[in-house]
Amino acid sequence: MCRLFGMSAGRVRARATFWLLDAPDSLAAQSHREPDGTGLGWFDEDGVAQVRKQAIAAYGDAEFAREAREVCSETFLAHIRFASTGALLERNTHPFELDGRLFAHNGVIEELPALDAHLGEDRSLVKGDTDSERLFALITREIAARDGDVHGGIAAACTWVAQSLPVFALNFVLSTSEGLWVLRYPSTHDLFMLERAPGAPLAHASSLGTRVRSAQAAEHPLVVVASERMDADPGWQELTSGELVHVGHTLAISRHQILAGPPARLLTLADLSAKAQASQTPAKHTSEHT
């Protein structure tokens, strides 16, 4: 199953080191197949979005994700892809960037020709083949139609999708240089948030072997969003389905219910193709938080 990770340090440019995948002989890596792509996004000192990503079509490509990458930013976004739609190419690998925003998604939307028709000329924003990038293009269009209102754009786009298309899951993280926008919908997949007070260096690890380290977390608060609890901290909160969460540049958190009830055409795992089923099924693993 695809994994999402987002982190905000507020107004502080935090330094963090990411290993998107663990070593190939690790306990985490032994428990399931290799992901289809990995990506990391952040913002430079001028607030310009930066993305480093790689489709994994061969063992050598996976080395990209196992190298330590030290970056400095107010916000970070990472994604591990198990492909449901689109070839194993860099253009289909998350995160995506449009209008200075970064986006990563976990889920499945079907009837893409109908979504393309709804996008109209804005279909040109989409460079790859995925449902995820199409969703991001729709969100981007709706934000622009509302003079930059990110909340309103997300609500409009996701409401149309939930009412009009078959949906398995719409979990996503959208990042700007000043904060995060997070949605879990419906309750198909988990999504968690941790408001982390200063006190100890950050040392998070996922069951896939993704690791994040930040010594600055000993002095500064952070807000972390992830597809799974990445350590034993009791403060991890499971997000509510349909609730759009915004983490602002002061780390203030707001929550607004934008989607009530399930999608009009809710998909089950049995409705998906074999490839999509494999991408949306949590891997069985044995792991420990470190």
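All values below come from the heavy atoms of this structure, side chains included, with hydrogens, waters and symmetry mates left out.
- When each of Arg52, Arg213, Arg15 is paired with Glu70, the salt bridge (charged side-chain N to carboxylate O under 4.0 Å, His left out) condition holds for Arg15 and for no other.
- The closest side-chain heavy-atom distance from Phe168 to Asp271 is not below 4.5 Å.
- Salt-bridge formation is detected for the pair Arg184/Glu238: a Lys NZ or Arg NE/NH1/NH2 atom is positioned less than 4.0 Å from an Asp or Glu carboxylate oxygen.
- Put simply, NE2 on His246 and CZ on Arg255 are 13.0 Å apart, with the number rounded to the nearest 0.5 Å.
- Atom CG of Leu239 and atom CG of Leu191 lie 4.5 Å apart (nearest 0.5 Å).
- Taking both residues in full, the closest heavy atoms of Ala114 and Leu165 are given as CB-CD2, 3.8 Å, listed atom of the first, atom of the second, then distance.
- Side-chain atoms of His94 and Ser132, non-hydrogen and from C-beta on, do get closer than 4.5 Å to each other.
- Taking both residues in full, the closest heavy atoms of Gly153 and Arg146 are given as N-CD, 3.7 Å, listed atom of the first, atom of the second, then distance.
- Looking at Asp231, its side chain does come within 3.5 Å of a backbone N or O of Asp233 through a donor-acceptor pair.
- A donor-acceptor distance shorter than 3.5 angstrom exists from the side chain of Ser73 to the backbone of Phe43, with no hydrogens or angles considered.
- Considering OG of Ser227 and CD1 of Ile80, their distance stands at 10.0 Å, rounded to 0.5 Å.
- Residues Arg101 and Phe136 have side chains in contact (heavy-atom distance under 4.5 Å, counting atoms from C-beta outward).
- The line from OG of Ser8 to CZ of Arg196 is 14.0 Å long, rounded to the nearest 0.5 Å.
- Transitive grouping of hydrophobic side chains (ILVMFWY, heavy atoms separated by less than 4.5 Å) brings Leu98 and Phe172 into a common cluster.
- A salt bridge between Arg3 and Glu228 is present, with a side-chain N of the basic residue lying under 4.0 Å from a carboxylate O of the acidic one.
- At least one side-chain heavy atom of Arg123 sits less than 4.5 Å from a side-chain heavy atom of Arg134.
- Minimum heavy-atom separation, Thr75 to Glu178: CG2-C, 4.4 Å.
- Across all non-hydrogen atoms, the minimal contact from Leu40 to Ala78 is CD1-CB, 4.1 Å.
- Note on Leu170: it clusters hydrophobically with Phe103, by side-chain heavy-atom contacts below 4.5 Å among ILVMFWY residues.
- Cluster membership for Met7 and Ile253, using ILVMFWY side-chain heavy atoms within less than 4.5 angstrom, is not shared.
- Between Phe18 and Phe76, the ring-plane angle classifies as tilted under the 30° and 60° cut-offs.
- By the 4.5 Å heavy-atom criterion applied to side chains, Cys158 and Leu183 are counted as neighbours.
- When all heavy atoms of Glu97 and Ala49 are compared, the closest pair comes out as CG-CB, 3.8 Å.
- At least one side-chain heavy atom of Leu266 sits less than 4.5 Å from a side-chain heavy atom of Pro186.
- Of the possible donor and acceptor atoms, one in the side chain of Gln257 sits under 3.5 Å from a partner among the backbone N and O of Leu259.
- Annotation: side chain of Thr159 is not in contact with side chain of Ile258 (no heavy-atom distance under 4.5 Å).
- Of all heavy-atom pairs between Ala218 and Pro201, the closest is CB-N, 3.9 Å.
- At distances below 3.5 Å, not a single donor-acceptor pair connects side-chain atoms of Arg229 with backbone N or O atoms of Met193.
- For the atom pair CD (Gln54) and OG1 (Thr38), the distance works out to 7.0 Å, reported to the nearest 0.5 Å.
- Between the side chain of Arg265 and the backbone N or O of Ser164 there is at least one donor-acceptor pair closer than 3.5 Å.
- When the side chains of ILVMFWY residues are joined at heavy-atom separations under 4.5 Å, either directly or via intervening members, Tyr185 and Phe192 end up in two distinct hydrophobic clusters.
- Between His151 and His256, the angle of the ring planes goes over 60°, which puts this pair in the perpendicular group of the 30/60° scheme.
- Here the CD1 atom belonging to Ile143 is positioned 8.5 Å from the CH2 atom belonging to Trp181, to the nearest 0.5 angstrom.
- Within the 4.5 Å cutoff, no side-chain heavy atoms of Leu4 are placed close to those of Val225.
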Does the pair Val173 and Phe5 meet the rule for a side chain to side chain contact (heavy atoms under 4.5 Å, CB included), with working shown? CA-CA 8 Å; Val173 179; Phe5 177 88; over 6 Å; no
For side chain to side chain contact (heavy atoms under 4.5 Å, CB included), just list the numbers for Asp131 and Leu135, CA-CA rounded to whole Å, side-chain angles, deciding distance to a tenth of an Å, and then say yes or no. CA-CA 6 Å; Asp131 55 344; Leu135 173 61; over 6 Å; no
Could you check Gln237 against Glu195 for side chain to side chain contact (heavy atoms under 4.5 Å, CB included), going step by step and ending with a plain yes or no? CA-CA 9 Å; Gln237 308 168 44; Glu195 298 177 67; 3.4 Å; yes
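- With hydrogens and angles ignored, the 3.5 Å screen pairs a side-chain donor or acceptor of Glu133 with a backbone N or O of Gly128.
- Glu74 places no side-chain N or O within 3.5 Å of a backbone atom of Trp42 that could act as its donor or acceptor partner.
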Please step through side chain to side chain contact (heavy atoms under 4.5 Å, CB included) for the pair Glu110 and Leu272, ending with a clear verdict. CA-CA 9 Å; Glu110 292 193 344; Leu272 304 181; 3.7 Å; yes
Residues Asn92, Asp129; criterion side chain to side chain donor-acceptor pair (under 3.5 Å); working and verdict: CA-CA 6 Å; Asn92 292 328; Asp129 313 308; 3.1 Å; yes
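- Using a 4.5 Å cut-off between side-chain heavy atoms of Ile, Leu, Val, Met, Phe, Trp and Tyr, with links allowed through other members, Leu174 and Val51 fall into different hydrophobic clusters.
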